[in-house]
Amino acid sequence: MVRVTAVRGVFDALKADIQTNYKIGDHLPNERLYAERFAVSRNTVREALIFLEAYGFVEKTQRGPRVTTPDLAVAFDIVEGAFDRSLETCRDMIEFRRGIDLALMPSVVKRISDEQIAELKQHLMRMRGALTVHQGAEADYAFHKVLVDASSNIVIGKLFTALRPIIVFYQEIGKQRPHHDVRSLENHQEIVDALEARSLEKVTAAFVEHYALSEASLAEALSEHEAIKVTEPE
């Protein structure tokens, strides 16, 4: 237990040191200097560096550990594991995303560029031409990611990236119902048109309908799920 605590303490100290005093590409001091600094063994420092490497904070080189870009995929996997794949959680996700999107729209309308609007159109074309439900969901996610990026909200941008697998999974639920997906494509076009017009009123109305459509699709899925449960033999 003491060993784990020592390694974790050095890991936390090194991570803070890297984030405060180093930039990408800088090399760290050798293990001996860190061992003296933290009054621990070189093995403890070595183990802490192994964890830093696993998380992508540093990479091995012939000159020693070099600071690199953190591997956010590790953190994203942890976030994904905190969510189940139930239809009930899907309802919560719809409420969460509706609140986020509506809150971001004033910033999006103000800041979105012509290039980003062109990206929205490209992703909408991908949605229309998707051969599978998953392809359509991936394009749908990319569409909304452009909007998040346009808002310039760094925190929400990172969170939206972390939730990507869960968002795509739930988007697939709606796209399994062609009649809902057809109207959803029309709604996405309305969002693009409203943003091209730089109309906050129109884009807000489009998003209100967007999540009404999502809720209708979810209600249908829940109804089907309950019907299956009733017919299943005990």
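Keep in mind that this is a model prediction, so the values were computed, not measured.
Side chain of Asn187 to main chain of Ala206: a donor-acceptor pair is present (N/O by atom type, distance under 3.5 Å, no hydrogens or angles). Under a 3.5 Å cut-off, the side chain of Gln116 and the backbone N or O of Ile112 do not form any donor-acceptor pair.
Note on Phe96: it clusters hydrophobically with Ile156, by side-chain heavy-atom contacts below 4.5 Å among ILVMFWY residues. In the hydrophobic cluster analysis, where Ile, Leu, Val, Met, Phe, Trp and Tyr join through side-chain heavy atoms closer than 4.5 angstrom, Leu102 is grouped together with Leu163. One hydrophobic cluster, built from ILVMFWY side chains closer than 4.5 Å, holds both Met93 and Val168. A continuous path of hydrophobic side-chain contacts links Ile24 to Leu49 [ILVMFWY only; heavy atoms under 4.5 Å]. Side-chain heavy atoms closer than 4.5 Å link hydrophobic residues (I, L, V, M, F, W, Y) into clusters, and following such links, possibly through other members, connects Val108 to Leu159.
Rounding to the nearest 0.5 angstrom, the gap separating the OG1 atom in Thr44 from the CD atom in Glu31 is 10.5 Å. Note that the CD atom of Glu115 and the CD1 atom of Ile117 stand 9.5 Å from one another [nearest 0.5 Å]. If you take CZ on Arg98 and OG on Ser214, they are separated by 8.5 Å, rounding to the nearest 0.5 Å. Taking CZ of Arg46 as the start and CD of Glu53 as the end, the distance is 13.0 Å to the nearest 0.5 Å. Considering CG of Leu200 and CG of Leu195, their distance stands at 9.5 Å, rounded to 0.5 Å. The distance from atom CD1 of Ile94 to atom CD1 of Ile167, rounded to the nearest 0.5 Å, is 11.5 Å.
Heavy-atom contacts from other residues, nucleotides or ligands closer than 6.0 Å to CD of Glu201 number 12 or fewer. Surrounding CZ of Phe51 are at most 12 heavy atoms belonging to other residues, nucleotides or ligands under 6.0 Å away.
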Residue pair Tyr34, Leu28: steps toward the side-chain contact (heavy atoms from CB on, under 4.5 Å) verdict: CA-CA 9 Å; Tyr34 277 129; Leu28 300 182; 3.8 Å; yes

Derivation of the side-chain contact (heavy atoms from CB on, under 4.5 Å) call for Leu14 and Arg37: CA-CA 11 Å; Leu14 287 176; Arg37 174 179 172 182; 5.6 Å; no

Pair Val192-Gln189, side-chain contact (heavy atoms from CB on, under 4.5 Å): steps then yes or no: CA-CA 5 Å; Val192 173; Gln189 182 63 61; 4.1 Å; yes

Verdict with supporting geometry, Tyr22 and Val58, side-chain contact (heavy atoms from CB on, under 4.5 Å): CA-CA 11 Å; Tyr22 294 86; Val58 300; over 6 Å; no

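In terms of heavy atoms, Gly64 sits closest to His27 at O-CD2, 3.6 Å. Heavy atoms only, all atoms of each residue included: Pro29 and Leu33 are closest at CB-CD1, 3.9 Å. Nearest approach of Pro106 to Ala103, heavy atoms of both residues: CD-O, 3.5 Å. Scanning both residues, Arg111 and Ser151, for their nearest heavy atoms gives NH1-O, 2.5 Å. Minimum interatomic distance between Gly136 and Ala130 (heavy atoms only, all atoms of both residues): N-CB, 3.4 Å. Summarising the geometry of Val67 relative to Lys23, their closest heavy-atom pair is CB-O, 3.5 Å, with the distance given to 0.1 Å.
Proximity of Phe57 to Gln19: side-chain heavy atoms (C-beta onward) are separated by under 4.5 Å at one or more points. Side-chain atoms of Glu47 and Val40, non-hydrogen and from C-beta on, never get closer than 4.5 Å to each other. For the pair Val148/Asn153, no side-chain contact is recorded, criterion being any heavy-atom separation below 4.5 Å from C-beta on. Between Thr161 and Lys145, some side-chain heavy-atom pair lies under the 4.5 Å cut-off. Inter-residue side-chain proximity for Glu172 and His134 is flagged as met; some heavy-atom pair is nearer than 4.5 Å. Two residues are said to be in side-chain contact when any heavy atoms from C-beta on lie closer than 4.5 Å; Asp101 and Tyr211 meet this criterion.
At a threshold of 4.0 Å, the pair Asp140-Arg164 does not count as salt-bridged, since none of the basic side-chain nitrogens sits closer than that to a carboxylate oxygen. Contact check on Arg183 versus Glu186 returns a salt bridge, with a Lys/Arg side-chain nitrogen under 4.0 Å from an Asp/Glu carboxylate oxygen.
With sequence neighbours left out, the side-chain hydrogen bond (donor to acceptor under 3.5 Å, both in side chains) criterion links Arg66 to Glu59.
Applying the ring-ring contact (aromatic ring centres under 6.0 Å, His included) test to pairs two or more places apart or on separate chains, those with a residue in residues 137-168 are Tyr141-Phe160, Phe143-His188, His144-His188, His144-His210.
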